[in-house]
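Computed from a prediction, not measured in an experiment: that's the story for all the values here. Computed from heavy atoms alone, side chains included, the values below leave out hydrogens, waters and symmetry copies.
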Amino acid sequence: MLTESRQDFSRESCGLLAGRDAAITAIFPARNVHPLPATAYEIAPKELFRLFREIHAQGLELLGIYHSHPSGENVPSLTDIERAYYPEAAYFIVSPALEARNFVRAFRIQNARVEELAIDLI
């Protein structure tokens, strides 16, 4: 996610994270088709459905959704909170900035409430 976010600072990178038993084992990068890709992200419905089919075909489950904030802190924006359509998924926000304190942060966003999650690396 971090490498992808650093490839193009003019747009937010985005994608899905999948795995089993709360352990993320696969990343599914997606194309950001939002009309203002520097400040928001959107995955085209057709691509989103294709990614969901691929996740299920591999026997995995959706565990997270990620995107980057090319400029600014990696905390959920008001738009991120309003568009958190998958409350069961963790939302990962990546900061590509070299001086970032935490390059990747995860959040649970449910009913407009935001809770930061711990990320355990195995």
Side-chain angles (χ1 to χ4, degrees):
M1 293 184 300
L2 187 55
T3 300
E4 177 189 354
S5 74
R6 288 179 174 162
Q7 289 177 354
D8 185 355
F9 284 89
S10 69
R11 58 189 314 112
E12 292 189 5
S13 59
C14 58
L16 305 179
L17 302 166
R20 290 186 198 92
D21 303 320
I24 295 169
T25 58
I27 182 171
F28 296 85
R31 190 170 153 261
N32 183 354
V33 297
H34 195 279
L36 301 170
T39 58
Y41 75 99
E42 181 178 335
I43 301 171
K46 199 171 194 177
E47 182 175 16
L48 188 60
F49 291 129
R50 180 187 61 77
L51 293 173
F52 279 136
R53 282 194 304 270
E54 192 173 332
I55 287 168
H56 292 294
Q58 292 183 27
L60 303 173
E61 59 186 281
L62 175 69
L63 296 178
I65 299 167
Y66 74 90
H67 72 283
S68 65
H69 283 180
S71 57
E73 193 177 357
N74 54 345
V75 296
S77 67
L78 289 176
T79 302
D80 294 336
I81 294 167
E82 290 171 359
R83 298 181 72 200
Y85 301 129
Y86 298 90
E88 70 284 355
Y91 285 84
F92 290 77
I93 304 177
V94 180
S95 174
L98 295 175
E99 68 278 359
R101 197 167 143 234
N102 294 311
F103 294 115
V104 180
R105 296 172 74 183
F107 302 88
R108 175 86 50 219
I109 306 173
Q110 296 177 324
N111 301 319
R113 291 183 353 164
V114 177
E115 172 191 0
E116 187 160 9
L117 303 172
I119 300 173
D120 293 327
L121 300 176
I122 301 173

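- Using a 4.5 Å cut-off between side-chain heavy atoms of Ile, Leu, Val, Met, Phe, Trp and Tyr, with links allowed through other members, Y85 and L62 fall into the same hydrophobic cluster.
- Here the CG-CZ distance, from L48 to R53, works out to 10.0 Å after rounding to the nearest 0.5 Å.
- Judged by distance alone, the side chain of R83 and the main-chain N or O of Y41 form a donor-acceptor pair under 3.5 Å.
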(message) With side chain to side chain donor-acceptor pair (under 3.5 Å) as the criterion, how do S13 and S5 come out once you've worked through the C-alpha distance, each side chain's angles and the decisive distance to 0.1 Å?
(response) CA-CA 5 Å; S13 59; S5 74; 5.0 Å; no
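- Counting only distance, with no hydrogens or angles, the side chain of R6 and the backbone of P96 share a donor-acceptor pair below 3.5 Å.
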(message) Quick one, V75 with D80, criterion side chain to side chain contact (heavy atoms under 4.5 Å, CB included). Give me CA distance, side-chain angles, the key distance, then yes/no.
(response) CA-CA 9 Å; V75 296; D80 294 336; over 6 Å; no
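- Sparse packing is recorded around CZ of F49, with 12 or fewer heavy atoms of other residues, nucleotides or ligands lying under 6.0 Å away.
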(message) Run the side chain to side chain contact (heavy atoms under 4.5 Å, CB included) test on H67 and I93 for me, step by step, so that the C-alpha distance in whole Å, both residues' side-chain angles and the decisive distance to 0.1 Å come before the verdict.
(response) CA-CA 5 Å; H67 72 283; I93 304 177; 3.6 Å; yes
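- Side chain of R108 to backbone of E88: a donor-acceptor contact under 3.5 angstrom is found.
- Partners of Y86 by ring-ring contact (aromatic ring centres under 6.0 Å, His included), not counting sequence neighbours, listed by chain and number: F52.
- Within the 4.5 Å cutoff, the side chain of R11 has no heavy atoms near those of the P70 side chain.
- Taking SG of C14 as the reference point, atom CD of E4 lies at 7.0 Å (rounded to 0.5 Å).
- A donor-acceptor pair is defined here as one N or O able to donate and one able to accept, closer than 3.5 Å; such a pair exists between the side chain of N32 and the backbone of H34.
- The structure places CD of E42 at 11.0 Å from CD of E47, a figure rounded to the nearest 0.5 Å.
- Remark: L60 CG to F28 CZ distance equals 5.5 Å, nearest 0.5 Å.
- What you find for A44 and V33 is that their closest heavy atoms are N-CG2, 3.6 Å.
- Cluster partners of V94, by chain and number: M1, L2, L17, I24, I27, L63, Y66, F92, F103, V104, I119, L121. The rule joins Ile, Leu, Val, Met, Phe, Trp and Tyr whenever side-chain heavy atoms lie under 4.5 Å apart.
- Here the CG atom belonging to N74 is positioned 7.0 Å from the CG atom belonging to N102, to the nearest 0.5 angstrom.
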(message) Please determine whether side chain to side chain contact (heavy atoms under 4.5 Å, CB included) holds for the pair R50 and E54, giving the CA-CA distance in whole Å, both sets of side-chain angles, and the decisive distance to 0.1 Å.
(response) CA-CA 6 Å; R50 180 187 61 77; E54 192 173 332; 3.3 Å; yes
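- Taken from CD1 in I43 to CG in L51, the straight-line distance is 6.5 Å, to the nearest 0.5 Å.
- With contacts defined as side-chain heavy-atom distances shorter than 4.5 Å, the pair R105/H69 does not qualify.
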